[in-house]
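Worksheet: one structure, shown below.
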There are 2 protein chains.
Amino acid sequence: MAKRESQAPGDSTEQKIFDAAHEVFTQKGMDGATMQEIADHAGINKALLHYYYRTKEKLYESVARAIIGRAIPAIRQIIESELPLEEKIRRFIDAYIGIISRNPFIPLFIISEVNKHPERFINSILPSDLPKPQFFFNQVEAEIAAGRIRPVRPQHLIVNVISMCVFPFVGKPMMRMLLGMSSGEMRVFLEERKEEVTQFVMAALRP
Amino acid sequence: MAKRESQAPGDSTEQKIFDAAHEVFTQKGMDGATMQEIADHAGINKALLHYYYRTKEKLYESVARAIIGRAIPAIRQIIESELPLEEKIRRFIDAYIGIISRNPFIPLFIISEVNKHPERFINSILPSDLPKPQFFFNQVEAEIAAGRIRPVRPQHLIVNVISMCVFPFVGKPMMRMLLGMSSGEMRVFLEERKEEVTQFVMAALRP
DNA sequence: CCCGTGTTTGACCAAATGGTTAAACCTAAA
DNA sequence: TTTAGGTTTAACCATTTGGTCAAACACGGG
């Protein structure tokens with residue numbers, strides 16, 4: 001056997017293809033991207049894409065699965081932890097906004113994918129270990145019963161929190177126009193939201 | 001002249017094309033849609049698409065402009081009205097969720113469009129009369145100064161409200177998986193949010 | 001009734017795109 | 001040095017897709 005192993009390990013052709021596909025797919029989507037563009041972006045011949053990943057669909061699934069596989073456990077870990085409710089919400093918001101700040105294209109990528117091909121998403125991309133929010137719901141109900149927070153339906157609470165964390169990134173250009181902010185001002189604004197959303201939620205939960 | 005005017009006015013060929021394009025574009029996006037599919041959907045010959053709207057891009061812009069042109073004034077009207085703050089927020093949430101309920105594909109369509117082609121969006125689709133949120137901001141500051149609501153940064157408040165209204169629709173399939181809801185349960189859930197989000201915001205604004 | 005103008009159609013074209021293949025290439029092992 | 005097997009490339013193929021065109025069609029006015 002003669003494997004081409006001269007280059008640094010993370011720099012293999014397969015990895016270069018994956019990285020290029022990751023960038024192109026997340027920015028242009030499955031339909032908008034072309035194999036040629038991905039090849040160019042990786043600086044290699046187009047046929048190599050098919051050599052390593054048989055079809056465009058397979059390549060796309062690889063990228064999608066990697067993205068989802070990284071995103072889900074991060075959420076899951078926080079939502080299922082044993083922390084007291086308030087601390088959990090604090091950390092959830094902080095971690096969620098942090099992750100998205102570092103990967104601003106991901107939420108829209110996931111949303112578009114799951115909207116256009118729900119079956120493919122469920123069958124070949126989604127991991128089996130989805131977050132189970134039941135424990136979080138019980139926690140909320142307990143706090144309500146103890147009178148420590150205002151009565152809210154826990155499903156709505158979690159959707160509210162996720163919405164306030166994710167949407168400003170998904171709709172960033174729209175928000176920028178509405179608020180008349182420069183790119184730099186927007187970055188500061190989004191960073192501020194860690195604190196602002198936390199306070200907003202805590203205020204809403206006061207009994 | 002011999003104009004084909006036998007059919008009902010709103011049923012003209014041009015209108016049928018527009019309606020078909022509206023449906024296909026909003027569900028599959030610019031890249032995912034094909035002219036043939038739009039023609040089939042309208043039940044006419046493909047060449048007619050080019051006869052009435054010269055290119056795919058032009059047709060797409062027509063649809064996009066119509067969608068945006070309908071969405072923006074609805075927001076603008078509420079946000080710039082002279083109502084007292086609390087009533088304004090109430091109506092805003094109620095109207096916003098109502099509009100999106102009736103057009104669930106629109107927000108994702110707009111978001112995708114503005115993310116992929118910001119220049120085209122700004123130059124040829126966006127109307128000139130954007131909502132001006134300044135009056136709303138002043139209103140919030142005044143209420144804070146009078147001690148009638150808790151101090152919040154008005155920009156964050158408006159982004160919070162919009163996020164909680166829009167995101168559950170944009171990310172509906174994701175939310176369904178997270179919450180384990182059927183399609184019917186989800187519809188009820190989204191309708192409930194008019195009331196729930198309003199209460200949540202009001203609770204967060206209590207001094 | 002027939003003509004002219006706007007409308008509709010099927011056939012067609014060129015470019016783009018996903019995918020294939022055979023040959024060239026490179027490297028490690030014998 | 002030879003050679004076998006994985007790797008890379010350029011050329012090629014079939015299909016799809018946006019777009020065009022000339023002919024056919026329908027209908028109102030002369």
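Here is how names work: the chains are called A, B, and so on, in the same order as the sequence lines, proteins then strands, and each is numbered from 1.
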Any side-chain N or O of [X] below 4.0 angstrom from OP1/OP2 of [N]?
{"X": "B:Y52", "N": "C:dT8", "answer": "yes"}
{"X": "B:N45", "N": "C:dG10", "answer": "yes"}
{"X": "B:T13", "N": "C:dT7", "answer": "no"}

Nearest-Å distance for atom pair CG/P, residues B:D40 and C:dT9: 12 Å
Rounded to the Å, how far apart are A:E14 CD and D:dT8 C1'? 15 Å
Holding to salt bridge (charged side-chain N to carboxylate O under 4.0 Å, His left out), I want the full list of residues that pass it with A:K132, two or more places apart in sequence or in another chain. none
Residues which pass salt bridge (charged side-chain N to carboxylate O under 4.0 Å, His left out) with B:E37, listed by chain and number, not counting sequence neighbours: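 With neighbours one apart ignored, the set is B:K28.
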N/O contacts under 3.5 Å, protein versus nucleotides 16-18 of chain D?
residue: D:dG18; atom: OP1; partner: B:K56; partner atom: NZ; Å: 3.0
residue: D:dG18; atom: OP2; partner: B:M35; partner atom: N; Å: 2.9

Side chains of A:K116 and B:Q27: donor-acceptor distance under 3.5 Å anywhere?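 No.
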Establish, from distance only, whether the side-chain atoms of B:E195 and B:Q199 form a donor-acceptor pair under 3.5 Å. yes
In plain terms, say whether B:R120 and B:E57 are close enough for a salt bridge, that is, a side-chain N and a carboxylate O under 4.0 Å apart. yes
Can you establish whether the number of heavy atoms outside A:E61 located under 6.0 Å from its atom CD is more than 12?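 Enclosed.
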So what does B:Y53 hit on the nucleic acid, given a heavy-atom distance under 4.0 Å: a base, only sugar-phosphate, or nothing?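 Here B:Y53 touches no strand at all.
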